[in-house]
Amino acid sequence: MRKASALSDLPAASREHLRPLDPTALRPLFSMHKPRILILYGSLRTVSYSRLLAHEAARLLEHFGCEVRIFDPEGLPLPDAAPVSHPKVQELRELSQWSEGQVWVSPERHGAMTGIMKAQVDWIPLSVGSVRPTQGKTLAVMQVSGGSQSFNAVGQMRILGRWMRMITIPNQSSVAKAFQEFDADGRMKPSSYYDRVVDVCEELVKFTWLTRDASAYLTDRYSERKEEADKLEQRVSLKSI
């Protein structure tokens with residue numbers, strides 16, 4: 001039976017940056033303000049089922065005690081087609097920074113998420129200086145389809161969420177034949193699809209409450225501590241020349 005590792009058994013590790021795990025850091029005092037949730041949707045159509053689903057999710061999240069904002073992608077330029085100072089880009093980045101959790105809702109088009117959905121995520125950088133705008137935030141993914149049920153878009157958005165270092169919740173929603181699932185007022189009809197949307201929103205709020213105060217600890221990584229220490233050492237060495 002293998003004995004517990006000592007630092008001497010880890011010759012490739014940097015002793016200075018290895019830290020014992022602290023379970024108490026995972027249970028800080030809860031912040032009591034409303035969870036802040038940003039919703040993105042991926043269509044500019046006049047009758048947009050992803051937008052209708054986004055608003056349906058917003059109502060549920062507000063019922064569960066959240067402060068919710070929905071970003072309107074109308075007027076957002078294609079990535080790299082405008083400077084980051086563009087007003088819509090700044091609005092999106094500020095909302096992403098403000099949020100503690102996000103919901104991404106995309107139609108499925110040609111078996112994938114829409115370019116409009118991807119463009120919004122592409123405008124949110126992995127890092128701005130020392131700030132990572134999405135790291136440690138919670139994420140729920142949903143999609144609408146014009147035909148039979150599919151999970152291509154939500155699967156792709158999960159990959160994006162992982163790349164953006166977000167905590168993507170286990171549950172997800174895929175609404176098939178979306179044109180049948182909303183009434184003339186744009187409200188979602190009672191159905192198993194609606195029930196799943198409720199499940200997703202409820203779970204997102206729970207995960208946001210659970211993780212937001214421990215987010216900095218959850219995303220504190222050995223490799224990044226080591227990298228930052230190396231950069232600091234280089235800066236100090238340059239100053240001494």
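Since the model is a prediction, treat every value here as computed from it, not as a measurement.
- Contact check for Leu126 versus Trp163: side-chain heavy atoms found under the 4.5 Å cut-off.
- Under the 4.5 Å side-chain criterion, counting only non-hydrogen atoms from C-beta, Tyr194 is in contact with Glu56.
- Atom NE2 of His110 sits in a sparse spot, with 12 or fewer heavy atoms from other residues, nucleotides or ligands closer than 6.0 Å.
- Arg36 places a side-chain heavy atom less than 4.5 Å from the side chain of His33.
- To the nearest 0.5 Å, the span separating CD on Gln120 from CG on Asp122 amounts to 10.0 Å.
- Criterion: ILVMFWY side-chain heavy atoms under 4.5 Å apart, direct or through other members. Under it, Leu38 and Val141 are part of a common hydrophobic cluster.
- To the nearest 0.5 Å, atom CH2 of residue Trp209 and atom NZ of residue Lys34 are 10.5 Å apart.
- At distances below 3.5 Å, not a single donor-acceptor pair connects side-chain atoms of Tyr41 with backbone N or O atoms of Leu52.
- In this structure, Gln149 contributes its side chain and Ala176 its backbone to no donor-acceptor pair below 3.5 Å.
- By the 6.0 Å contact criterion, CG on Asp80 is open, its count of non-hydrogen atoms from other residues, nucleotides or ligands being 12 or less.
- Here the side chains of Leu40 and Met117 are in contact, with some heavy-atom distance below 4.5 Å.
- The backbone N or O of Ser150 lies less than 3.5 Å from a partner atom in the side chain of Ser174, making a donor-acceptor pair.
- In this structure, Val144 and Ser50 approach most closely via the heavy-atom pair CG2-N, 3.9 Å.
- Once rounded to the nearest 0.5 Å, the distance linking OG of Ser48 with CD of Glu74 reads 11.0 Å.
- The two atoms that bring Met157 and Met113 nearest to each other are N-CE, 3.9 Å, heavy atoms only.
- Phe182 and Leu44 sit in two unconnected hydrophobic clusters of ILVMFWY residues. Membership requires side-chain heavy atoms under 4.5 Å apart, directly or through other members.
- Listed for the Tyr222 side chain is a donor-acceptor partner under 3.5 Å among the backbone atoms of Ser14.
- Looking at heavy atoms from C-beta onward, Trp104 lies out of side-chain contact with Ile39 at the 4.5 angstrom threshold.
- Lys226 places no side-chain N or O within 3.5 Å of a backbone atom of Arg221 that could act as its donor or acceptor partner.
- Put simply, the side chain of Arg19 reaches to within 4.5 Å of the side chain of Asp220, judged on heavy atoms.
- With Thr208 as reference, Thr138 is the one residue of Thr138, Leu61, Ile167, Leu139 to meet the side-chain contact (heavy atoms from CB on, under 4.5 Å) rule.
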>> What verdict does the salt bridge (Lys or Arg N to Asp or Glu O under 4.0 Å) test give for Glu100 and Lys137, after you've listed the backbone C-alpha separation in whole Å, the side-chain angles of each residue and the deciding distance to 0.1 Å?
In response: CA-CA 5 Å; Glu100 297 169 323; Lys137 299 179 188 296; over 6 Å; no
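- Considering every non-hydrogen atom in both Gln143 and Leu53, the closest pair reads O-CD2, 4.3 Å.
- Atom CD1 of residue Ile169 and atom SG of residue Cys201 lie 8.0 Å apart, to the nearest 0.5 angstrom.
- Rounded to the nearest 0.5 Å, atoms OG (Ser215) and CE (Met166) are 10.0 Å apart.
- In this structure, Ile116 is not a member of the same hydrophobic cluster as Leu92, with clusters built from ILVMFWY side-chain heavy atoms closer than 4.5 Å.
- Judged by distance alone, the side chains of Gln172 and Arg196 never bring a donor and an acceptor atom under 3.5 Å apart.
- The shortest distance between side-chain heavy atoms of Val154 and Glu108 does not fall below 4.5 Å.
- Of all heavy-atom pairs spanning Leu204 and Ala140, the tightest one is CD1-N, 4.0 Å.
- Side chain of Arg51 to backbone of Thr46: a donor-acceptor contact under 3.5 angstrom is found.
- A centroid separation of 6.0 Å or more is found between the aromatic rings of Tyr49 and Phe179.
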> Does the pair Gln90 and Ser85 meet the rule for a side-chain hydrogen bond (donor to acceptor under 3.5 Å, both in side chains), with working shown?
Replying inline: CA-CA 6 Å; Gln90 286 299 303; Ser85 58; over 6 Å; no
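- The backbone N or O of Ser31 sits less than 3.5 Å from a side-chain atom of Arg212, completing a donor-acceptor pair.
- Taking both residues in full, the closest heavy atoms of Val175 and Met188 are given as CG2-CE, 3.8 Å, listed atom of the first, atom of the second, then distance.
- Remark: Arg69 is positioned above the aromatic ring of Trp98, its terminal NZ or CZ atom under 6.0 angstrom from the ring centre and at most 45 degrees off the axis.
- Taken to the nearest 0.5 Å, the NZ atom of Lys88 stands 7.0 Å off from the CG atom of Leu76.
- The heavy-atom pair separating Trp123 from Pro83 by the smallest distance is CH2-O, 4.4 Å.
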> Can you list the steps and then say if Glu67 with Ile37 is a side-chain contact (heavy atoms from CB on, under 4.5 Å)?
Replying inline: CA-CA 6 Å; Glu67 183 180 354; Ile37 307 296; over 6 Å; no
>> Go through it in stages, so that I can follow the logic: the residues are Arg165 and Glu224, the test is salt bridge (Lys or Arg N to Asp or Glu O under 4.0 Å), and I'd like the CA-CA distance, side-chain angles, deciding distance and then a yes or no.
In response: CA-CA 13 Å; Arg165 301 185 174 190; Glu224 292 178 357; 2.4 Å; yes
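- Looking at Thr211, its side chain does come within 3.5 Å of a backbone N or O of Phe207 through a donor-acceptor pair.
- The closest side-chain heavy-atom distance from Thr114 to Ser43 is not below 4.5 Å.
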>> For Lys177 and Ser145: C-alpha separation, side-chain torsions, deciding distance, then whether side-chain contact (heavy atoms from CB on, under 4.5 Å) applies.
In response: CA-CA 6 Å; Lys177 296 182 179 178; Ser145 303; over 6 Å; no
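- Ile70 and Leu95 fall into different hydrophobic clusters, where Ile, Leu, Val, Met, Phe, Trp and Tyr are joined by side-chain heavy atoms under 4.5 Å apart, directly or via other members.
- By the rule that hydrophobic residues join a cluster once side-chain heavy atoms approach within less than 4.5 Å of another member, Phe64 and Val103 end up as members of one cluster.
- With Ser191 contributing its side chain and Tyr193 its backbone, the two residues share a donor-acceptor pair below 3.5 Å.
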